[in-house]
Amino acid sequence: MKIKKLSLLLLPLAALITGLAVWGPEALAKYRDKEILNKIQAQETETGTEGFRYALSSNEKLYILSKCLNNQIQPESEQNALNRADSVNLDYQELTGTYAMVVNRKDSSGQEISESTGIELCNQGLQKLKELGIISDSVKELTENSYGAVMYSAIDVPEPRNNVLVWKISLNTGKQNFNKDNCLLDAYVDADTGKIYEFYVRTDVTRWDEIDADEIVRTWAEYMGLSRPEEYEGANPLSESTPYFKKYTFAGIEEGNTVVTVGFYEGVNELFLKISR
């Protein structure tokens, strides 16, 4: 009799458990949907305004930055600017087109960042270039009172997720009779890695024949994590404002490529490596 009574008690319990197993998940889902659907949900992210950025290869970053620079007129170097009749200052914030450089006061995490950060990053990059033998040890360290730093986003406008965050570092030449010997004049520095894409620097080297351009670009390519450079064929000897230069190409995006130039201004002892025209 006890077993029969226990069986009678267990039957309703079993039926209840079976019902919950069948209808419970559906009811719970409807309840959760009621809390979420047709309501605005806010959620903080760590990526800030740069949420569309994703990992690009070194060759892709180099290509995008070079296209942005080549679609503008840049005073890359004081010496180069003196030899260019079309050198002007541009308002980067008003640029439109396929590629553009836009002033950006925040890093890739959306945090406000100071000029001193860019200058320190550039100093680290310069030290590495010295260790690699790309530039002379005589080049002076940057100081905050002698240099300016502006952060830019180099953007592929039709595909804005393709963008590179860089610091533009420039020597402040407003002081009269400022001695530029062994000084960095201009550079573009990757804001994420601190690697230097482009530089103009006064050195203690006095002649072009003292410079091994092939070795410089090969070492720089390894430092940047790029593919092997190929010598640029058919370079126009009038394409630069100095006769002392050599050009190379790197694979870019799809069928595009990036032209990199290593050159030298004799007289002022200025060595440059540039990815812009």
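If you read the sequence from its start, that first residue is 1, and numbering goes on from there. Computed over heavy atoms, backbone and side chain alike; hydrogens, waters and symmetry mates excluded.
Other members of the hydrophobic cluster containing Val259, listed by chain and number, are Tyr232; membership follows side-chain contacts under 4.5 Å among ILVMFWY residues, whether direct or relayed.
For Thr249, the side-chain hydrogen bond (donor to acceptor under 3.5 Å, both in side chains) test picks out no residue, with sequence neighbours left out. Residues satisfying the side chain to side chain contact (heavy atoms under 4.5 Å, CB included) criterion with Arg207, sequence neighbours excluded, are Asp209, Glu210, Glu266. Remark: Asn269 engages no residue in a side-chain hydrogen bond (donor to acceptor under 3.5 Å, both in side chains) (not counting sequence neighbours). With sequence neighbours excluded, the residues forming a side-chain hydrogen bond (donor to acceptor under 3.5 Å, both in side chains) with Thr261 are Lys247, listed by chain and number. Under the salt bridge (Lys or Arg N to Asp or Glu O under 4.0 Å) criterion, Asp190 pairs with Lys61, sequence neighbours left out. Considering only residues two or more places apart in sequence or on other chains, Asn179 meets the side chain to side chain contact (heavy atoms under 4.5 Å, CB included) condition with Asp181. For Ser239, there are no side-chain hydrogen bond (donor to acceptor under 3.5 Å, both in side chains) partners, not counting sequence neighbours. Every ring-ring contact (aromatic ring centres under 6.0 Å, His included) that Phe272 has, sequence neighbours left out, goes to Tyr200, Tyr265.
Distance check, rounded to the nearest 0.5 Å: CG of Leu171 to CZ of Arg202 gives 9.0 Å.
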Quick one, Asp186 with Lys168, criterion salt bridge (Lys or Arg N to Asp or Glu O under 4.0 Å). Give me CA distance, side-chain angles, the key distance, then yes/no. CA-CA 7 Å; Asp186 286 293; Lys168 173 69 163 64; 2.9 Å; yes

Could you go through Leu184 and Tyr147, starting from their C-alpha distance and side-chain angles, then the distance that decides it, and tell me whether this counts as side-chain contact (heavy atoms from CB on, under 4.5 Å)? CA-CA 9 Å; Leu184 175 77; Tyr147 285 84; 3.9 Å; yes

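Asn162 is not listed as a side-chain neighbour of Ile155, based on a closest heavy-atom distance of 4.5 Å or more. Counting only heavy atoms from C-beta outward, the side chains of Ser146 and Thr143 approach each other to under 4.5 Å. Side-chain contact check for Leu69 versus Met101: some heavy-atom pair is nearer than 4.5 Å. Residues Phe199 and Leu271 meet the side-chain proximity criterion, which asks for heavy atoms closer than 4.5 Å. Contact check for Trp167 versus Ile113: side-chain heavy atoms found under the 4.5 Å cut-off. Contact of the Val189 side chain with the Ile169 side chain is registered, since non-hydrogen atoms from C-beta on lie closer than 4.5 Å. At a threshold of 4.5 Å between non-hydrogen side-chain atoms, the residues Ile275 and Phe250 do not count as touching. Annotation: side chain of Leu185 is not in contact with side chain of Ser170 (no heavy-atom distance under 4.5 Å).
Each salt bridge (Lys or Arg N to Asp or Glu O under 4.0 Å) pair with one or both residues in residues 137-150, not counting sequence neighbours, would appear here, but there are none. Sequence neighbours left out, the pairs with a member in residues 214-227 that pass salt bridge (Lys or Arg N to Asp or Glu O under 4.0 Å) are Asp214-Lys246, Glu215-Arg218, Arg218-Glu222.
Asp204 and Ser136 are linked by a side-chain donor-acceptor pair at a separation below 3.5 angstrom, with hydrogens and angles left out of the test. Using modelled atom types, one finds no donor on one side chain facing an acceptor on the other under 3.5 Å when comparing Asn59 with Ser57. Of the N and O atoms on the side chains of Asn163 and Ser153, not one donor lies less than 3.5 Å from an acceptor on the other residue.
With hydrogens and angles disregarded, no donor-acceptor distance shorter than 3.5 Å links the side chain of Thr219 to the backbone of Ile216. Judged purely by atom type and a 3.5 angstrom limit, Glu115 uses its side chain to pair as donor or acceptor with the backbone of Ala149. The main-chain N or O of Met224 is found under 3.5 Å from a side-chain atom of Ser58 such that the two form a donor-acceptor pair.
Taken together through direct or relayed side-chain contacts under 4.5 Å among Ile, Leu, Val, Met, Phe, Trp and Tyr, Phe245 and Ile134 form parts of separate hydrophobic clusters.
For OH of Tyr223, the number of neighbouring non-hydrogen atoms (other residues, nucleotides, ligands) closer than 6.0 Å is greater than 12.
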Can I get a per-line list of side-chain donor-acceptor pairs under 3.5 Å for residues 118-129, giving both atom names and the distance, sequence neighbours left out?
| from | atom 1 | to | atom 2 | distance (Å) |
| --- | --- | --- | --- | --- |
| Glu120 | OE2 | Gln124 | NE2 | 3.3 |
| Asn123 | OD1 | Leu142 | N | 2.8 |
| Asn123 | ND2 | Leu142 | O | 3.1 |

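When all heavy atoms of Ala154 and Leu65 are compared, the closest pair comes out as CB-CD1, 3.8 Å. When all heavy atoms of Val166 and Tyr188 are compared, the pair lying nearest together is CG2-CD2, 4.1 Å. What you find for Tyr248 and Val262 is that their closest heavy atoms are CE1-CG2, 4.3 Å.
Ring pair Phe264/Trp208 is parallel by interplanar angle, where below 30° counts as parallel and above 60° as perpendicular.
A salt bridge does not link Lys274 with Glu198: none of the charged nitrogens is closer than 4.0 Å to a carboxylate oxygen.
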